[in-house]
Amino acid sequence: MQKDTICKTVRQYNKEPISEEDMKKLQEIADDYSKVKNYVYQRYGGIGALSKLYPGYTIQNEMTASGLREQLGLPSVYFYLAIFDAIKDIKGQWTNTKAKLLFKVGKNEGFTEEDKHYLNFLIKTDKAMDAILQYHSVKLSDNIQKQYNLLMEEVDDKKLGQYLRRQVRKVHCKPHTERAEGFSIAERAYRYADGGIYISIKEKRKRIFVPLTDKNQYKRQLYVKLYPKQNKIELKIPINVKVKQNPQYINQVGLAIGMMVMLTTDRGNTYGEKIGEYQKNFAEWIQIQANSYYQKKEIGIERKKYQAKKHRMEEQLHSYINQELNRFLKEEQPKKIYMAKLPKAKTAGAIKKINFSVTMWQRGYIRKRLIQKCKEQSVQVIEVYGKNISKECSRCGEEGNKKEGKFMCLSCGYKIEEKTNTACNAKKRGEEITKIIGTTN
């Protein structure tokens, strides 16, 4: 990808309801696609297959020889994409496993610095980690081998090897999917024409036609997501879009993300003032539905209307979020945005209404869309350390009190709106980080 472009996902939808016969044919592909992925997960998702993941051709060759494609009758264009999707998921699972291992090693007070250095080296070096997990001797390229030998001389490598194997068995798990909601499709398995798209199916030299709501055509790998109950599909297309350069975007903006007001800047400007109302209505409706779920299930009431209304409410909420993010960028014209890293979601409390409201809070979606839009506009987002950021006075740095949306410093008496104070602190911390990085460079 070029440096002045970013990847963006666009979507296409069917113009008319898809017939049950055609949907069944698409669902067959999705079912087999899922079976292939689960087969790869089961066979190559464990400890013994780590060495086969890079670059992945060994898995591809072994899967070809397995006879699974012939057994399912799945076209090769779908079969191999399912394999590569599964390999990507397994690699992601190993990334998570390694992150957990690094955290455990760092927190273990029984290890010396040499022990931690040795274990970190193993975890970050795939060949070394694979060898230890398989009880093999570690063989690396010359320079890396010398580094490993030096580290090994200072530790009890057998003891630490046992520790690593034990921890991997505890934290690593094979991926698995119960969903068969879609499949990837390569360019040679579809064709745009006649105001829609022709998609290859399992029958040889046959395709089904799906009329689309737009006439855009693409030449790249797509993802087909199925909605059998609604008789519709969604095409997800990753495209590279050119990054916009806005010379007028010169401001440094501190930002706080909230539940009742979506964005508050260090200057006190607010965006998304109705987000709390949207989320409250959504949460209350979800709560009502949850309370009556079992009753509906017992008498067999169709939940199709529920899913449709939930989707409409989510779309309405997301549309409002994107509208306000666009307004924020247009009016603030930021070159850099400083905001606190969002904390992990807290465990449920005693009040159910609050639990539902927090659950419905779209903070993850807001952050994702903000970062995406900033990338498209060449705006830099800097996330700062968020601990106690709302309790610290943005004027003197001492601790203050928060009450009814207001902040008051106990030391200097400074009074300010709570979220504005948080945004000011985010900007202050971000500018300090920027200065340190600039001095280092």
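Keep in mind it's a predicted model, so treat the numbers as computed, not measured.
- In this structure, the side chain of S378 does not engage the main chain of C374 through any donor-acceptor pair within 3.5 Å.
- Remark: side-chain polar atoms of T95 are paired, donor with acceptor, to backbone N or O of K91 under 3.5 angstrom.
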Can you give the donor-acceptor pairs under 3.5 Å from side chains of residues 403-414 to other protein atoms, not counting sequence neighbours?
none

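- Residues satisfying the salt bridge (charged side-chain N to carboxylate O under 4.0 Å, His left out) test with D89, not counting sequence neighbours, are K37.
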Would you list the atom pairs, donor with acceptor, under 3.5 Å between side chains in residues 384-401 and any protein atom, with sequence neighbours excluded?
residue, atom, partner, partner atom, Å
S390, OG, K402, NZ, 2.9
E392, OE1, R429, NH2, 3.2
S394, OG, N421, OD1, 2.9

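- Every residue two or more places apart in sequence or in another chain that forms a side-chain contact (heavy atoms from CB on, under 4.5 Å) with V171 is listed here: T97, K100, L101, K104.
- Scored by the salt bridge (charged side-chain N to carboxylate O under 4.0 Å, His left out) test, K427 finds D266 as partners (sequence neighbours excluded).
- Side chain of H117 to backbone of T112: no donor-acceptor contact under 3.5 angstrom is found.
- Less than 6.0 angstrom separates the ring centroid of Y320 from the ring centroid of Y278.
- Between the side chain of T9 and the main chain of K236, no donor-acceptor pair closer than 3.5 Å is present.
- Using bins of under 30°, 30° to 60° and over 60° for the plane-to-plane angle, the ring pair F282/W285 lands in the parallel bin.
- Contact record, L50 with Y54: O-CD1, 4.3 Å, taken as the closest heavy-atom pair.
- When all heavy atoms of T264 and A423 are compared, the closest pair comes out as O-CB, 3.5 Å.
- Take R43 and apply the side-chain contact (heavy atoms from CB on, under 4.5 Å) test, not counting sequence neighbours, and it matches Y39, E62, S66.
- The minimum heavy-atom distance linking I275 with M260 is given by the pair CG2-O, 3.3 Å.
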Can you list the steps and then say if H172 with Q93 is a side chain to side chain donor-acceptor pair (under 3.5 Å)?
-> CA-CA 8 Å; H172 185 71; Q93 188 69 25; 5.1 Å; no
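- A donor-acceptor pair under 3.5 Å links the side-chain atoms of E417 to the main chain of K419, judged by distance alone.
- Panel note: side chain D214, backbone N216; a donor-acceptor pair is recorded below 3.5 Å.
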Could you please spell out the steps behind the side chain to side chain donor-acceptor pair (under 3.5 Å) verdict for N38 and Q42?
-> CA-CA 6 Å; N38 280 328; Q42 185 63 32; over 6 Å; no
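- A side-chain donor-acceptor contact under 3.5 Å links Y118 and Y148.
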Going through the checks in order, is the side chain to side chain donor-acceptor pair (under 3.5 Å) test met by N246 and Q333?
-> CA-CA 9 Å; N246 297 300; Q333 298 184 345; over 6 Å; no
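- Residues passing the side-chain contact (heavy atoms from CB on, under 4.5 Å) test with E178, sequence neighbours excluded: H176.
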Side-chain donor-acceptor pairs of residues 121-141 under 3.5 Å, sequence neighbours excluded:
residue, atom, partner, partner atom, Å
T125, OG1, F121, O, 2.8
D126, OD1, K98, NZ, 2.2
Q134, NE2, I47, O, 3.1
Y135, OH, R165, NE, 3.3
H136, NE2, Q134, O, 3.4

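- Proximity of a side-chain donor or acceptor of Y249 to a complementary backbone N or O of L329 within less than 3.5 Å is detected.
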For residues 155-163, which side-chain donor-acceptor pairs fall under 3.5 Å, sequence neighbours excluded?
residue, atom, partner, partner atom, Å
D156, OD1, K158, N, 3.4
D156, OD1, K159, N, 3.3

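- Contacts of E234 classified as salt bridge (charged side-chain N to carboxylate O under 4.0 Å, His left out), with partners at least two apart in sequence or in another chain: R11.
- Taking all atoms of both residues into account, the shortest heavy-atom contact from M313 to N281 is CE-O, 4.0 Å.
- Across all non-hydrogen atoms, the minimal contact from Y44 to M63 is CE1-SD, 4.0 Å.
- Contact detail for T5 and K242: the closest heavy-atom pair is CG2-CA, 4.1 Å.
- Within a 6.0 Å radius of CZ in R220, more than 12 heavy atoms belonging to other residues, nucleotides or ligands are found.
- In this structure, Y33 has its ring center at least 6.0 angstrom away from the ring center of Y78.
- Residues satisfying the side-chain contact (heavy atoms from CB on, under 4.5 Å) test with R327, not counting sequence neighbours, are Y271, E273, E324, E331.
- A donor-acceptor contact under 3.5 angstrom links the side chains of K373 and N326, judged on distance only.
- Using a distance-only test at 3.5 Å, with no hydrogens or angles considered, a donor-acceptor pair links the side chain of T265 to the main chain of N269.
- Distance check: Q60 CD to I87 CD1 gives 7.5 Å after rounding to the nearest 0.5 Å.
- Using a 4.0 Å cut-off between charged nitrogen and carboxylate oxygen, K336 and E431 do not count as a salt-bridge pair.
- With sequence neighbours left out, R367 forms a salt bridge (charged side-chain N to carboxylate O under 4.0 Å, His left out) with E383.
- Side chain of K232 to main chain of Y227: no donor-acceptor pair is present (N/O by atom type, distance under 3.5 Å, no hydrogens or angles).
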